Protein chains: 4
Amino acid sequence: MGAVKNKRMPRAVRERQMLDAAVRTFGQRGYRAASMDEIADLAGVSKPLVYLYLNSKEDLFTACIRREAKALTAAVRAGVQPGLPADRQLWDGLRAFFTHTAENPDGWAVLHLQARTHGEPFAAEVAATREELVVFVTQLIAVAAREAHRNPSLPDREVAGLAEALVGAAESLATWANATPGVSAKQAAATLMDFAWAGLGNLMESRPWSGSGPADGLHR
Amino acid sequence: MGAVKNKRMPRAVRERQMLDAAVRTFGQRGYRAASMDEIADLAGVSKPLVYLYLNSKEDLFTACIRREAKALTAAVRAGVQPGLPADRQLWDGLRAFFTHTAENPDGWAVLHLQARTHGEPFAAEVAATREELVVFVTQLIAVAAREAHRNPSLPDREVAGLAEALVGAAESLATWANATPGVSAKQAAATLMDFAWAGLGNLMESRPWSGSGPADGLHR
Amino acid sequence: MGAVKNKRMPRAVRERQMLDAAVRTFGQRGYRAASMDEIADLAGVSKPLVYLYLNSKEDLFTACIRREAKALTAAVRAGVQPGLPADRQLWDGLRAFFTHTAENPDGWAVLHLQARTHGEPFAAEVAATREELVVFVTQLIAVAAREAHRNPSLPDREVAGLAEALVGAAESLATWANATPGVSAKQAAATLMDFAWAGLGNLMESRPWSGSGPADGLHR
Amino acid sequence: MGAVKNKRMPRAVRERQMLDAAVRTFGQRGYRAASMDEIADLAGVSKPLVYLYLNSKEDLFTACIRREAKALTAAVRAGVQPGLPADRQLWDGLRAFFTHTAENPDGWAVLHLQARTHGEPFAAEVAATREELVVFVTQLIAVAAREAHRNPSLPDREVAGLAEALVGAAESLATWANATPGVSAKQAAATLMDFAWAGLGNLMESRPWSGSGPADGLHR
DNA sequence: CATGAATGAGGATTCATTCAT
DNA sequence: CATGAATGAATCCTCATTCAT
């Protein structure tokens, strides 16, 4: 009883409806608990059609992961302008990230919660996306180091850990912001930016990160 | 066929064996995918005995969550000495946290991945534990602020966000460290401590956090 | 392996086959002892199909009760002509009742034995049907009283008791007739009619009830 | 947690406790739904002891049936004085019957509802008892016929049917009286006595059965 | 005697998946 | 294309029953 049954739609449209339904169902119920029946129902199509187009539950879930992963990285990329200074890029990226996850809570749940919970076919899929973000952050850190004329560059492993920590914090904050009424994407981004750029120690001494871009009131 | 079948053991022992098997199975397969058959098998007992002692799959999972949550918070608490400076307490807590999660990867998977993925009975259970850690970190930040004679205290929501970010980063790093060969608990703790205390900005300027305790070469 | 497996039948037909099998199995084994496996097998379908159409064991049993109850009351109603004198109506009703129960022993067992033995969902269901019969008999007694120009009408509770006794006797006789070879529906009806209308006392004095309708040799 | 655990009681007493618990449980839950666990618990003993004394669930149920059957027939017999006129004997027997079933509802449920519902081992057991009552009633009818100097005696099959109807009516009324608040054993007996002895026909003409014994206000 | 420990066997229910139309 | 009909294979859970102490 999900959507109205429209007969004879082009395949691409039908597939999108199915993926929409699947993302929503997987995101809310989890991979195992979601039933193909419910998904087909929510998509407004018959079950055999789902199998015809998407092959199997596993493939369907993989397709969901791929679509949502692509959407997330695209959103982050679209939010960032390569030429700007590193901290500005980070700030822009974080805002895009938090905005997108807030607008697509089910997709985010699929990526962050569900996909990692279930065995190898899926964890690998999502790990690749995550890696992409980590690499993006890693490069930003490297750029920032260059910009700061920092001589003895940080060891790679150290940088990897920092990027990992930053991405992990972002992921947690995204889930937290989704679950906490009254926390906007912008606030989440600001909190993390402070945390990441200035560090707690500096915050204690009242020196929050203040942005390096144009004075457009980046946060607060 | 998991363990050797030792007949006639006292209830407490059997119960522990069952919980061990359950944590391992739930941690690796997830709540839904784990079967009571596999758990009973791994524990070296028959299924009815599992039901006799632990009641139901739901109750068994809850018991796992409770046990692992208690163990984790106990480990962190045991690693921290209340009298020391805030940054030292944070450092000690992080080391205890990463050490414990590294030593109990399945328990950590149950808490961080599985329990949050499945509906209300369990999410609430684990949220309470997480809250405990967040509160601990929140208080540390407050103490640090006092120690730094910081006058206009940070707004509560800000502090909450920071604590959330820190805990989230720790959680992510724990999972990352578990999955990355060659990353020790100490290194994970050091990375996060740098990140949290100094911030990326300072790191760029070569001013990593260096510890406030006795000069015992806390890290690096 | 009960029936021949005819594939692809319309739903209504399959549902009837399932109910037939269920009535037979429940009637012979009882609610608890009957297994869904046996019912599905006897119906010549797989278990999931039974669940798809009938939902659950409880619902299946309820459906059996409803169908058999409706069939029984319909049979009795069809056997009785409202315009005739009360004793003739009673006679016709009894014959229809005994005929139907003799032709549907399993259905009768479900109604009389099994449904009343198991808790509330079912007992209520069958009680309603029984009440219908009791009311029917109660009204007949009242009509008979009017026909006999009996002045001080019998107290209601008394009439209720009498109707109850009559229905109870009929139920018992139906089961007895089913179990005793050589006892026909007609004989059972005649015995009860004598018993009910004339009473033992009159029978002793050789005055059996002889019918009030046309001289068609109603019995004997 | 049923009864207080009294250690070291003579076997006869323990067995009685078990049977009491079993009758109650079987009467209320039914044979299949009753669990040995619940029975042992209610009896205040351990399960192995039940098996030691009563062998198996089947044997236990059979023992219940036997005990309750014996108690019922004994009660009826004790209520009847062989020398008295037939209708007085019937009246006394009915009163004893309804009194006993009212005082032992669980025992009556075991005999009338549960035992007949389940396969051969039990149905036969209870059928024997029922037969005993039917024979008793059959003989009463024969005696009454002699007393009434009725010449052409009723055919045997006819008498058997009448006895069956009377016993059936009694059984139904017993269950009805148990379920209907405000109906006493005496009232039930009176209703049935009217019905059986006078017949509905006579009742219409205001000639209820009035008893043949001493004028002690037998009913009403 | 009495019991805590333990299990084999079975039963209700669900689900991903496939044909025949 | 689209679907109603159908199922093999699990999965959770319960219960009568038995030993070793």
Side-chain angles (χ1 to χ4, degrees), chain A residues 5 7-11 14 32-40 44-61, chain B residues 5-15 32-40 44-60, chain C residues 5-11 13-15 32-40 44-60, chain D residues 5 7-11 14 32-40 44-60:
Chain A
K5 271 193 201 173
K7 298 236 167 186
R8 302 276 155 179
M9 317 195 37
R11 171 160 182 159
R14 272 276 142 94
R32 296 286 297 224
S35 87
M36 295 297 273
D37 266 299
E38 186 178 356
I39 293 171
V45 300
S46 71
K47 233 185 328 171
L49 196 58
V50 179
Y51 279 88
L52 186 63
Y53 285 177
L54 275 314
N55 247 342
S56 71
K57 194 184 189 184
E58 208 171 303
D59 284 4
L60 175 56
F61 192 45
Chain B
K5 267 193 200 172
N6 289 324
K7 302 239 169 181
R8 300 274 151 181
M9 328 225 347
R11 174 168 180 153
V13 177
R14 272 280 135 95
E15 229 162 307
R32 296 284 300 228
S35 88
M36 293 299 270
D37 264 302
E38 187 178 356
I39 293 172
V45 299
S46 70
K47 236 189 317 175
L49 199 59
V50 179
Y51 279 91
L52 187 62
Y53 286 173
L54 276 311
N55 257 341
S56 71
K57 196 184 187 183
E58 206 172 307
D59 283 7
L60 175 56
Chain C
K5 268 193 201 174
N6 289 324
K7 301 236 169 184
R8 299 276 149 181
M9 328 228 344
R11 173 166 181 155
V13 176
R14 271 281 136 92
E15 226 162 311
R32 297 286 297 228
S35 88
M36 295 298 271
D37 264 302
E38 187 179 355
I39 292 172
V45 299
S46 71
K47 239 186 319 175
L49 199 59
V50 179
Y51 278 90
L52 186 61
Y53 286 174
L54 275 313
N55 258 341
S56 71
K57 194 183 188 183
E58 206 172 307
D59 283 6
L60 175 56
Chain D
K5 271 194 203 173
K7 299 235 168 186
R8 301 278 156 178
M9 318 196 35
R11 170 161 183 160
R14 273 275 141 94
R32 295 286 298 224
S35 87
M36 295 298 271
D37 266 300
E38 186 178 356
I39 293 172
V45 300
S46 73
K47 232 187 326 173
L49 196 58
V50 179
Y51 279 88
L52 186 63
Y53 284 176
L54 274 313
N55 248 344
S56 72
K57 194 186 189 184
E58 208 172 304
D59 285 4
L60 174 56

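For clarity, every value in this text was computed on a predicted model and none was experimentally measured. Just so it is clear: chains get the letters A, B, ... in the order the sequence lines come, proteins before strands, and each one is counted from 1.
Rounded to an integer number of Å, the gap from CE of D/M36 to P of F/dC15 is 12 Å. One interatomic measurement links the two molecules: CD of B/E15 to C1' of E/dA6, which rounds to 14 Å at whole-angstrom precision. To the nearest angstrom, P of F/dC19 lies 14 Å from CG of D/L52. Distance A/Y53 OH to E/dT18 C1': 18 Å, rounded to the nearest Å. As a whole-Å value, the separation of C/L54 CG from E/dT14 C1' is 16 Å. What separates CZ of D/R32 from P of F/dT14 is a distance of 16 Å, to the nearest Å. D/K47 has its NZ atom 18 Å from the C1' atom of E/dC1, to the nearest Å. One interatomic measurement links the two molecules: NZ of B/K57 to P of F/dA10, which rounds to 15 Å at whole-angstrom precision.
Place C/P48 and B/S35 on DNA chain F by their nearest nucleotides, and C/P48 ends up nearer the 5' end.
Across all strands shown, the partner of F/dA10 is E/dT13, judged by Watson-Crick or G-U wobble contacts whose two distances both fall under 3.5 Å. With a cut-off of 3.5 Å on both Watson-Crick or G-U wobble distances, the partner of F/dA16 is given as E/dT7. When both pairing distances are held under 3.5 Å, E/dA2 makes a Watson-Crick or G-U pair with F/dT21.
The distance from atom CD of A/E58 to atom CG of A/L60, rounded to the nearest 0.5 Å, is 11.0 Å. Distance check, rounded to the nearest 0.5 Å: CG of C/L49 to CZ of C/R11 gives 8.5 Å. The line from NZ of B/K47 to CE of B/M36 is 8.5 Å long, rounded to the nearest 0.5 Å. Here the straight-line distance linking atom OH of C/Y51 with atom NZ of C/K57 works out to 8.0 Å at 0.5 Å rounding.
Residue C/A33 is classed as having no contact, given no heavy-atom separation below 4.0 Å to the nucleic acid. Residue D/A34 is in sugar-phosphate contact alone, with no base atom involved, counting any heavy-atom pair closer than 4.0 Å across all strands shown.
The two residues C/S46 and C/A40 have their closest heavy-atom pair at C-CB, 4.0 Å.
Checking the phosphate oxygens (OP1, OP2) of F/dA5, no side-chain nitrogen or oxygen of C/R14 falls inside 4.0 Å. Distances shorter than 4.0 Å separate some side-chain N or O of A/Y51 from OP1 or OP2 on E/dT17.
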